[in-house]
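Written out below as structure tokens is the structure these notes cover.
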Amino acid sequence: MSDDLFKKIVSHAKEYGFIFPSSEIYDGLSAVYDYGQYGSELKNNIRSYWWKSMVQMHENIVGIDAAIFMHPTTWKASGHVDAFNDPLIDNKDSKKRYRADVLIEDYAEKQFEKAEKEVEKAKKRFADNFDEALFRSTNPRVLEYRKKGEEAVAKMAQMLEANDLEGVRQLIVDLEIVCPISGSRNWTDVRQFNLMFETRMGSVAEGAESIFLRPETAQGIFVNFMNVYKTGRMKIPFGIAQTGKAFRNEIVARQFIFRMREFEQMELQFFVKPGTEMEWYQKWREERMKWHLDMGIPASKYRWHKHEKLAHYANAAADIEFEFPFGFKELEGIHSRTDFDLNAHQQFSGKKLQYFDPELNESYVPYVVETSIGLDRTFLAVFSHAYEEQTLEDGSVRTVLHIPHFLAPIKAAVLPLVKKDGMPEVAMKIVEDLRQEFMVQYDEKDAIGRRYRRQDAIGTPFCITVDNETMENNTVTVRERDSMEQIRLPAEKLINVLSEKLKPGKL
RNA sequence: GCGGCAGUAGCUCAGUGGUAGAGCAUCAGCUUCCCAAGCUGAGGGUCGUGGGUUCGAGCCCCAUUUGCCGCUCCA
């Protein structure tokens, strides 16, 4: 049922110029999409809502726009070179895929467990006069198991370091590792999956340096920490915000714009005094949820997901999940990243990345609380929640996008009730006035009802209609999208009245 | 990456080897003083792409690409 709804939403997004498959005339490109004439407006409006509420509305937050290309060492310091490179192997019988390094580590773990069992057995056998340390260091079976495990891990590390994938496969074969599902040893080659896109900088192929397209925007903020701190005269606690594209070579990317290989993030890195990070983590959790609810989307569509298993850099992490047509999925992450990133960059660069605290009269590496939200995912959340096929009282059906007014691509359409008696000219004059303030459209084609429906389909909150009465006293009707109710206003009051209704939070 | 299903007009789809269709949408005109499915006319498809079988392929076969579902992956 929700699959059908989701298909309709995808079709609607294309049919009305919100989202197109990338380079569609060449059959498209897997998991890449383009934003169309209305989609880019909606996306810009969401980005702008974020930027205003994060940067403009906070005294102590500034925004930057770092480049997508970064020095290759950045990704060693951040951990992405290690974490985003997985050697994978498939079992041909069970069709299951495993991380080759995990298989070998599991093998080693089993050997260690066998050694422990020997120790346990001996402990029972010798009871009171058992010297465990001596047993461990002398018993041949214990030594043998431990040696097998340690050697396997050591060999693997050596091979991965040398990028010897064939060697890793051979190691799996030699260790007689079997697939836990099929029990067979029928393995494919080991393949390296690099989740970072790689390209070359420099036009001469031989001398070109291999660089990566950033897999997250956060590092552009961390490497600029000192620049912003010094030139912006920032005092802790302070934040640096950024929106921009990031790239991940996902093994499978699916579900429309939910998981794309090229996507846009909106991130805040908030630098705080060590030890205060938990209160800021709480504060930003509240603030970010409020941001979502202020769009007018009901709280029931959101839920928290607390990370039990934390990433290597975090000491607390939670996701805001949204109920998409295909279920609750991650929309935004709020992470307490400790001083992991700045410390790492400090080490790799050899440059001091510290804040001098005038109150303590000492320097420290600040802790970081991050809020990181997917712009494309927020677009999908707003768009899919807005979509409704509404059955009216007369039994007819209209497709309407209940996009929050202030985010709508087109704010108002100006429509002459009929295409004669001078109404088109008056309507076009109103369009020229409103255009100074909002995205507006003029439409005179077809019956008025049909034109209302067309605007409903792209989520235009207001339709302004010029009729006979306008010709007499210069008043117009304003029809609101969701209620379909009309009010009559003097044309010269339109800008003021609409501006008020188009503020965030007004629905 | 593996397995299954699918790709025909902007959208939804019909078309079982013999001249490419429908509804909606779009455009032009008419009608219309307020909520689509009134009237007239028009435009738009080398049937995802490339090969093959056949006198003849949208339809059968192979490859490829894109999408969907299930695995897998998603620090």
Side-chain angles (χ1 to χ4, degrees), chain A residues 3-4 6-8 10-17 20-33 36 75 78-86 88-99 102 181 188-189 191 193 195-196 215-216 218 248-256 258-259 261 307 309-314 317 326 329-330 333 335 337 340 390 392-400 415-421 423 444-457 463-471 476-481 483-486 488:
Chain A
D3 270 358
D4 285 349
F6 187 49
K7 277 182 188 163
K8 282 179 178 173
V10 174
S11 296
H12 193 84
K14 182 177 179 202
E15 186 168 3
Y16 287 91
F20 308 123
S22 160
S23 25
E24 200 185 6
I25 61 168
Y26 295 110
D27 290 341
L29 188 61
S30 179
V32 186
Y33 292 89
W75 307 114
S78 70
H80 285 86
V81 169
D82 292 332
F84 265 26
N85 276 288
D86 293 335
L88 299 181
I89 188 166
D90 294 336
N91 182 270
K92 289 180 187 169
D93 297 314
S94 65
K95 308 286 186 198
K96 294 285 173 187
R97 168 170 297 167
Y98 302 94
R99 276 178 56 174
V102 171
I181 306 280
T188 63
D189 289 342
R191 280 161 299 186
F193 282 72
L195 278 303
M196 284 196 287
E216 65 173 24
R248 290 186 195 184
N249 209 350
E250 304 279 359
I251 294 171
V252 286
R254 252 179 227 171
Q255 274 164 329
F256 197 39
F258 182 80
R259 176 168 299 158
R261 297 209 161 92
H307 288 214
K309 209 182 91 190
L310 294 171
H312 57 275
Y313 54 72
F326 41 84
K329 299 277 179 186
E330 180 184 351
H335 300 151
R337 290 180 80 124
F340 176 88
Q390 189 177 45
L392 302 176
E393 281 175 14
D394 64 1
S396 68
V397 174
R398 70 165 182 157
T399 302
V400 53
L415 318 168
L417 192 58
V418 293
K419 198 172 29 173
K420 59 181 182 186
D421 302 335
M423 290 180 199
E444 59 174 29
K445 170 75 184 162
D446 295 319
I448 190 70
R450 185 187 290 268
R451 281 178 275 167
Y452 288 151
R453 299 301 166 87
R454 268 204 287 264
Q455 296 300 330
D456 290 341
C463 286
I464 295 153
T465 304
V466 171
D467 56 13
N468 267 334
E469 210 177 320
T470 312
M471 309 310 285
V476 294
T477 62
V478 178
R479 174 231 192 223
E480 197 277 333
R481 175 194 65 203
S483 65
M484 298 169 70
E485 281 168 6
Q486 288 183 307
R488 185 167 279 277

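No experiment lies behind these values; they were computed from the predicted model shown.
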- prompt: With a 4.0 Å cut-off on heavy atoms, is A:Ile448 in touch with a base, just the backbone sugar-phosphate, or nothing at all?
  reply: sugar-phosphate
- Query: Taking NZ, NE, NH1 and NH2 as the nitrogens, is one of them in A:Glu444 or A:Arg451 under 4.0 Å from a carboxylate oxygen of the other?
  - Reply: no
Margin query: Between B:C74 and A:Arg248, counting only base atoms on the nucleotide and side-chain atoms on the residue, is there a donor-acceptor pair under 3.5 Å?
Written below: no
Taken to the nearest 0.5 Å, the spacing of A:Asp456 CG from A:Thr399 OG1 works out to 9.0 Å
Check: Any Lys/Arg nitrogen of A:Lys8 or A:Glu15 sitting under 4.0 Å from an Asp/Glu carboxylate oxygen of the other?
Finding: no
Which is true for A:Val10 with a 4.0 Å heavy-atom rule: it touches a base, it touches only sugar-phosphate, or it touches nothing? nothing
- Would the A:Phe256 and A:Tyr33 ring centres measure less than 6.0 Å apart? yes
Can you confirm whether the side chains of A:Arg479 and A:Gln486 place a donor and an acceptor under 3.5 Å from each other? no
Atom CZ of A:Arg451 and atom C1' of B:A37 are separated, to the nearest Å, by 17 Å
Among B:A28, B:U32, B:C35, the one nearest any side-chain atom of A:Tyr452 is B:C35
Inset, instruction - Could you give the distance separating B:G1 and B:A42 at their P atoms, to the nearest angstrom? - result: 49 Å
Original post:
What is the nucleic acid contact for A:Lys14, judged by heavy atoms within less than 4.0 Å: base, sugar-phosphate only, or nothing?
Top reply: sugar-phosphate
Practice prompt. Quick one: label A:Gln486 by what it contacts on the DNA or RNA (base, sugar-phosphate, nothing), any heavy atom closer than 4.0 Å.
Written response: base
| said: Using a 4.0 Å heavy-atom cut-off, does A:Met471 contact any base of the nucleic acid, only the sugar-phosphate backbone, or nothing at all? | reply: nothing
Do A:Cys463 and A:Glu480 have side chains that approach each other closer than 4.5 Å (heavy atoms only, starting at C-beta)?
no
A:Lys7 side chain N/O closer than 4.0 Å to the phosphate oxygens (OP1, OP2) of B:G67? no
Rounded to the nearest 0.5 Å, the CD atom of A:Gln390 sits from the OG atom of A:Ser396 at a distance of 9.5 Å
From the candidates B:A75, B:U66, B:C74, the one with an atom nearest any side-chain atom of A:Ser30 is B:U66
Side-chain donor or acceptor of A:His12 paired with backbone N/O of A:Ala457 under 3.5 Å: yes
With sequence neighbours left out, the residues meeting ring pair (Phe, Tyr, Trp, His ring centres under 6.0 Å) with A:Phe258 are A:Phe324, A:Phe326
P gap between B:C24 and B:G41, integer Å = 15 Å
- Item | Sugar-phosphate, base or nothing in reach of A:Ala317, heavy atoms under 4.0 Å | nothing
Notebook entry, point to check: With rounding to whole Å, what would you report as the distance between B:A14 and B:U8 at their C1' atoms?
Noted result: 10 Å
NA contact type, A:Lys329, heavy-atom cut-off 4.0 Å: base, sugar-phosphate, or nothing? nothing
Check the interface with nucleotides 47-51 of chain B: list each N/O to N/O pair with the protein under 3.5 Å, or write none.
from, atom 1, to, atom 2, distance (Å)
B:G48, O2', A:Asp27, OD1, 2.8
B:G48, N2, A:Asp27, OD2, 3.3
B:G48, N3, A:Asp27, OD2, 3.3

Does A:Asp467 contact B:C34 through a side-chain donor or acceptor facing the base, at a distance under 3.5 Å?
yes
Rounded to whole Å, NZ of A:Lys445 lies from C1' of B:C30 at a distance of 10 Å
Between CG of A:Leu417 and C1' of B:C35 the distance, given in whole Å, is 11 Å
Legend entry - Test item: side-chain donor near acceptor, A:Asp467 and A:Thr465, under 3.5 Å: no
task = Quote, to the nearest angstrom, the C1' distance that separates B:U31 from B:G10.
result = 27 Å
B:C11, OP1 or OP2 - any side-chain N/O from A:Ser11 closer than 4.0 Å? no
Polar atom pairs between nucleotides 21-26 of chain B and protein, under 3.5 Å, N or O only, would you list them?
from, atom 1, to, atom 2, distance (Å)
B:A25, OP1, A:Arg450, NH1, 2.4
B:U26, OP1, A:Arg454, NH1, 2.7

Open item on the list: Under 4.0 Å, counting only non-hydrogen atoms across every strand here, what does A:Thr465 touch: a base, just sugar-phosphate, or nothing?
Closed with: base
Subject >> Sugar-phosphate, base or nothing in reach of A:Gln255, heavy atoms under 4.0 Å >> reply: sugar-phosphate
Closest of B:U32, B:A36, B:A75 to the A:Arg453 side chain is B:A36
**Message:** Counting the atoms with a prime plus P, OP1 and OP2 as sugar-phosphate, which does A:Phe20 contact under 4.0 Å by heavy atoms, base, sugar-phosphate, or nothing?
**Reply:** nothing
